[in-house]
Amino acid sequence: MDDDIATLRSTSLAGIAAASDLRALDETRVSLLGKAGTLTRLLKELGRAAPEQHRARGAHLNHLRDDLTEALDSRRVILEEAAIAARLVSERIDITLPPPPEPAGSLHPISRTLDEMAAIFGAMGFAVAEGPDIETDWHNFSALNIPSHHPARDDHDTFYLPGIAGGSPRVLRTHTSPVQIRTMLTQAPPIRVIVPGRTFRADHDATHSPLFHQCEGLVIDRNITLAHLKGCLIDFLRAFFDLATLPVRFRASYFPFTEPSMEVDIGWNRKTGEIGAGGDWLEILGSGMVHPNVLANTGIDPREWQGFAFGMGVERVTMLKHGIPDLRPFYDSDLRWLRHYAFSPLLPAMLHEGGGA
Ligand code: PHE
């Protein structure tokens, strides 16, 4: 009696247990309990059985349906868990793998030189000061003892901007010296600053760019002499060019804002470009003792305080230090040039104290 039910039970349970994924399990479910499923069909055929068999067979079939439903459910839970576990394994991120290399940027030689200047002067106790690119005529010229119609103004090829600021025409600063004025106006002496920054002159050829960079220096204290100026600049130049024996020469010159004024030359070989050898001289910066008028213009008493100032072209010393022959590519953003001359941002600006020769 009901052999077919017993057979169906064992084959169905075996089929459910053998379903290897959720899809196969669902197919098994449909083949048993779906509209045209085996068990569904047997339940429908129940009406045709003899009445005395009807009750017992019905109970067996219902019992089988409950057991199969339960078996399907528990198999489904197992397969779902297995599916999630498989996904977790296949989607796991291996955080121990090194990241793919990223394209690294580099430091423009100008930035590199400014970093080196800040490192060398920083070790001597200088702080970095900054000022605006758009200056007043007063800060850029008058306060620096260059009154209107002074011939020194002609050397500067000034870009004038429309408008007046504080009663004074606006200019693109032609040198970093106006930041001397701004510093002395806002800071009580003693003062020790360098001023790296952009400067502008209406001049454009192979060795001049309308935008270039300077680094200014200003020291104001009591009892500052020309000897301090010389010692400071000789130390700086020997550290910057990493050459303890670098010859340095001071030559009398003229700037309206310093008195006395000196141009500073370093020894090099004109033919080979080698720095420090060869018996030729190359002008590299302007300097002098701050003019008493400039101190007075900023409210500092020249009988009590004095000091020195200097200014140099950043492109020029960069070209010399690294043997870069042409000024123009500095501003071209040509990646081939940058790959050749730029610096790793991870390379710290070295302080060659006392020079490395
Ligand atoms: N400002 C001068 C220039 O641009 C350089 C300089 C600065 C000279 C400070 C003396 C003192 O040429």
Side-chain angles (χ1 to χ4, degrees), residues 113-114 117 121 126 128-133 135-147 150-159 171-184 191-203 207-221 224-226 228-234 236-237 248-266 282-295 297-298 300 302 305-318 327:
T113 293
L114 294 177
M117 288 177 173
F121 283 114
F126 284 74
V128 171
E130 289 182 311
D133 291 353
E135 266 298 0
T136 71
D137 181 277
W138 185 80
H139 289 90
N140 196 79
F141 293 121
S142 309
L144 287 161
N145 204 34
I146 318 177
H150 191 287
R153 290 199 177 204
D154 299 342
D155 301 339
H156 280 226
D157 301 304
T158 311
F159 285 109
V171 300
L172 288 180
R173 67 179 179 190
T174 59
H175 51 178
T176 41
S177 302
V179 187
Q180 285 187 35
I181 303 298
R182 290 183 177 272
T183 305
M184 288 189 278
I191 292 170
R192 236 183 231 93
V193 291
I194 58 163
V195 184
R198 272 190 288 269
T199 45
F200 308 84
R201 291 186 194 182
D203 200 356
T207 54
H208 295 90
S209 152
L211 181 157
F212 59 107
H213 297 75
Q214 287 191 341
C215 184
E216 191 86 5
L218 175 70
V219 171
I220 305 288
D221 207 333
I224 294 290
T225 71
L226 204 71
H228 295 112
L229 183 165
K230 291 180 73 174
C232 174
L233 289 179
I234 291 171
F236 164 73
L237 290 169
V248 180
R249 178 173 82 169
F250 292 80
R251 192 162 35 77
S253 183
Y254 171 76
F255 299 100
F257 32 91
T258 48
E259 183 60 35
S261 301
M262 292 177 298
E263 233 126 26
V264 186
D265 304 335
I266 57 170
L282 185 65
E283 180 193 320
I284 206 145
L285 50 80
S287 68
M289 302 305 290
V290 178
H291 197 292
N293 289 354
V294 175
L295 294 168
N297 286 343
T298 60
I300 293 177
W305 304 96
Q306 58 288 135
F308 63 87
F310 56 87
M312 67 189 122
V314 175
E315 283 79 353
R316 186 164 166 77
V317 294
T318 304
L327 174 70

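Quantities reported herein were computed from a predicted structural model and do not represent experimental measurements. Both counts, for ligands and for their atoms, begin at 1 and track the order of listing.
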Less than 6.0 angstrom separating the ring centers of [X] and [Y], yes or no?
| X | Y | result |
| --- | --- | --- |
| Phe236 | Phe126 | no |
| Phe255 | His291 | no |
| Phe257 | His175 | yes |

Spacing of [X] atom [atom1] and [Y] atom [atom2] [to the nearest 0.5 Å]:
| X | Y | atom1 | atom2 | answer |
| --- | --- | --- | --- | --- |
| Leu211 | Asp133 | CG | CG | 8.0 Å |
| Ser142 | Asn293 | OG | CG | 12.5 Å |
| Glu315 | His208 | CD | NE2 | 11.0 Å |

Heavy-atom contacts under 4.0 Å between [X] and ligand 1: side chain, backbone, both, or neither?
| X | result |
| --- | --- |
| Met289 | neither |
| Ser261 | neither |
| Met312 | neither |
| Phe310 | backbone |

Residue [X] vicinity, atoms of ligand 1 by number, heavy atom under 4.0 Å:
| X | value |
| --- | --- |
| Gln180 | 9 (C) |
| Phe257 | 1 (N), 2 (C), 6 (C), 7 (C), 8 (C), 9 (C), 10 (C), 11 (C) |
| Glu216 | 7 (C), 9 (C) |

Is [X] close to ligand 1, meaning an N/O of one under 3.5 Å from an N/O of the other?
| X | answer |
| --- | --- |
| His175 | yes |
| Arg201 | yes |
| Ser177 | yes |
| Gln214 | yes |

Requested in this report: Return the residue, atom name and 0.1 Å-rounded distance of the protein heavy atom closest to atom 5 (C) of ligand 1.
Outcome: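 Here the closest protein heavy atom is Gly311 CA, 4.1 Å.
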Query raised in the report: Sub-3.5 Å donor-acceptor pair from the side chain of Gln306 to the main-chain atoms of Ile224, do we have one?
Result: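 Present.
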Query raised in the report: Are any of the side-chain nitrogens in Arg249 or Glu283 under 4.0 Å away from the carboxylate oxygens of its partner?
Result: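 No, Arg249 and Glu283 are not salt-bridged.
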Query raised in the report: Should the heavy atoms of other residues, nucleotides or ligands under 6.0 Å from CZ of Arg198 be counted, would the total exceed 12?
Result: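 Check fails, neighbour count at 12 or below.
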**Report entry** Any Phe308 heavy atom less than 4.0 Å to ligand 1
**Finding:**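 No heavy atom of Phe308 comes that close to ligand 1.
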